[in-house]
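Before any comments, here is the structure.
All figures in this text were calculated on a predicted structure; none of them were measured in a lab. Each residue takes its place number in the sequence, starting with 1.
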Amino acid sequence: MLRSLTVSLCQRTQPLICFTSRYCSSTPAENKLTVNALYNLSVDISKIRKLKAWVLHQHPAYVMEAAALLRDLGASGLVVARVLELHPEAILCRPEHLEAQKELWMSVCASQRDLVGIIEKFPASFFTSPCHLDSQRANVMFFQSLGLNKRIVAKLMASAPQSFSRSVKQNQEMIQTLQKTYLELGGNESSLKVWLQKLLSQNPYMLMKPPEALQNNLMFLQDRGFTSTELLQLLSKLKGFVTEVQPELMGLSLSYSQKILGCTDTELRQIVLKCPALLYYSVPILADRFEGLLSAGISLHQIMETPTVLELTTQIVQYRIQKLRSHGYDISTGSLEVLNGTKKDFEVSLGKLYLRQERPLFNPVAPLRADE
């Protein structure tokens, strides 16, 4: 009974893959041929033993075949070692499956160099189970039939491989829902493909969501007074994250923001259009950010004028305000636009303030001084 319980626990805790069979033993022996082959490729075997030791016990293993395929694609020895350390399951893929994967990926990659870059970043997306190959092929054909850019399809396969391992019908349903929604909200059919490409590249995981999630969220926003034009604007600005939220949570976030700002429903909608993040930030996050801004001397009116400052964490806001004050900028009376943007954007704004301090403004009508 104890033995059967041990086997059951092992089967539950170890990941399952359909291209190899594994057994659970109290003291399994490592495959010496596998270990030696990995060692000869300069792979850090201690990392594999620490995180995925079960791979080293499998028979058969195809270490040299996996390495040869990567080298044939142009990968250096260092890249080969890194890939096998990060995703040692690669050595369990049969050579014929690796060739099939290579052929499939090269149908969406511009070059072998691009494919090596994808494998290096997303090895699990390339070294998949053969039981998913038919679904992968069907999904690649489907996305290509939409006229999507090859680079977009490759990005989808790399960052959201689960969406290519499932039935093509599920992806068709989500894509059709997006297309129908875009057109019903007033989108131009000639711009549909570009819009869809941008949306999918921004959030590939939205394909994994049920179409009902998108429809329910848009219905909720419509009930809050957003027009079709505004909904289309939100759908684009949210970068696909409209499928990540729930009506109940959006309702709580909107109610909290409206209470703090003391604004009307119309004003709230305009604020959301400027800062769609208000829809998916939780109440605790919003509370922390409002408190951080108000404690820094920023007024509610300023926040309503530039609500995108709520997208910045409290720590970033505090750091930037401190930097601005050191340059003589009074954030309580000035525009909050200077706080916005990436780190690089802020540094550019800071540089402009510094130049303004160092160089006085030129007055074109002031008389020039002449030496006597």
Side-chain angles (χ1 to χ4, degrees), residues 15-20 62 66 69-70 73 75 83-84 86-182 192-214 239-244:
L16 295 176
I17 50 180
C18 63
F19 52 73
T20 186
Y62 306 94
L69 178 131
L70 291 171
L73 289 172
V83 168
L84 296 183
L86 184 61
H87 192 72
E89 297 96 322
I91 67 175
L92 303 179
C93 291
R94 295 181 180 277
E96 58 269 23
H97 176 59
L98 292 181
E99 285 299 324
Q101 282 292 308
K102 175 184 173 182
E103 180 182 355
L104 178 65
W105 279 87
M106 285 308 300
S107 69
V108 296
C109 288
S111 66
Q112 291 186 345
R113 181 179 180 181
D114 289 346
L115 179 53
V116 171
I118 289 174
I119 296 174
E120 190 175 2
K121 292 180 181 178
F122 307 98
S125 300
F126 181 83
F127 296 104
T128 59
S129 165
C131 58
H132 296 148
L133 186 57
D134 288 341
S135 293
Q136 287 178 306
R137 286 172 173 160
N139 278 298
V140 166
M141 289 179 63
F142 166 64
F143 284 109
Q144 288 179 330
S145 71
L146 296 173
L148 299 184
N149 186 289
K150 276 188 175 184
R151 183 178 56 84
I152 300 298
V153 179
K155 182 177 181 180
L156 290 174
M157 285 182 69
S159 53
Q162 304 94 329
S163 60
F164 281 74
S165 299
R166 65 182 190 161
S167 166
V168 69
K169 184 179 179 181
Q170 293 175 284
N171 286 328
Q172 287 173 335
E173 289 175 353
M174 187 57 174
I175 293 297
Q176 288 168 1
T177 300
L178 287 169
Q179 292 172 326
K180 182 181 177 182
T181 300
Y182 176 79
L192 176 57
K193 187 177 75 172
V194 174
W195 177 82
L196 187 62
Q197 282 190 161
K198 186 175 181 181
L199 200 66
L200 293 175
S201 65
Q202 289 170 334
N203 182 19
Y205 295 103
M206 71 181 304
L207 289 171
M208 301 299 295
K209 300 294 181 179
E212 293 76 22
L214 172 64
K239 301 177 181 179
F241 288 99
V242 69
T243 58
E244 306 290 334

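- Between Phe127 and Ile91, every side-chain heavy-atom pair lies at or beyond the 4.5 Å cut-off.
- No donor-acceptor distance shorter than 3.5 angstrom exists from the side chain of His97 to the backbone of Cys131, with no hydrogens or angles considered.
- For the pair Leu69 and Glu99, the minimum side-chain heavy-atom distance is below 4.5 Å.
- Rounding to the nearest 0.5 angstrom, the gap separating the NE2 atom in His87 from the CG atom in Leu92 is 8.5 Å.
- Residues that satisfy the salt bridge (charged side-chain N to carboxylate O under 4.0 Å, His left out) test with Glu173, not counting sequence neighbours, are absent from this structure.
- Ile175 has its side chain within reach of Phe143: a pair of non-hydrogen atoms, C-beta onward, lies under 4.5 Å apart.
- Between Leu104 and Met157 the shortest side-chain heavy-atom distance falls below 4.5 Å.
- Residue Glu103 places its CD atom among 12 or fewer non-hydrogen atoms of other residues, nucleotides or ligands, all under 6.0 Å distant.
- Closest heavy-atom contact between Lys209 and Glu244: CE-OE1, 3.4 Å.
- The closest side-chain heavy-atom distance from Lys150 to Asp114 is not below 4.5 Å.
- A donor-acceptor pair under 3.5 Å is absent between the side-chain atoms of Asn139 and the main chain of Ser165, judged by distance alone.
- Smallest separation of non-hydrogen atoms from Glu120 and Leu86: O-CD2, 4.2 Å.
- Of all the heavy atoms in Ala138 and Val168, the pair that sits closest is O-CG2, 3.8 Å.
- Looking at every heavy atom in both residues, Ser107 comes nearest to Val140 through OG-CG1, 4.1 Å.
- Here the CD-CG distance, from Gln144 to Asn149, works out to 11.0 Å after rounding to the nearest 0.5 Å.
- The CG atom of Leu98 sits 8.5 Å away from the CD atom of Glu96 when rounded to the nearest 0.5 Å.
- Taking OG1 of Thr177 as the reference point, atom CD of Gln172 lies at 11.5 Å (rounded to 0.5 Å).
- Closest of all the heavy-atom pairs between Lys193 and Gly147 is CD-O, 3.3 Å.
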(message) The test is side chain to side chain contact (heavy atoms under 4.5 Å, CB included); show your working for Ser163 and Asn171 and say whether it passes.
(response) CA-CA 7 Å; Ser163 60; Asn171 286 328; 4.0 Å; yes
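- We find the CG-CZ distance between Leu207 and Arg166 to be 6.5 Å, quoted to the nearest 0.5 Å.
- Here the shortest heavy-atom pairing between Ala154 and Trp105 reads O-CZ3, 3.9 Å.
- Here the NZ-OG distance, from Lys155 to Ser125, works out to 13.0 Å after rounding to the nearest 0.5 Å.
- Not one N or O on the side chain of Gln162 forms a donor-acceptor pair closer than 3.5 Å with the backbone of Met208.
- Evaluation of the ring-ring contact (aromatic ring centres under 6.0 Å, His included) rule for Tyr182 yields Trp195 as partners, not counting sequence neighbours.
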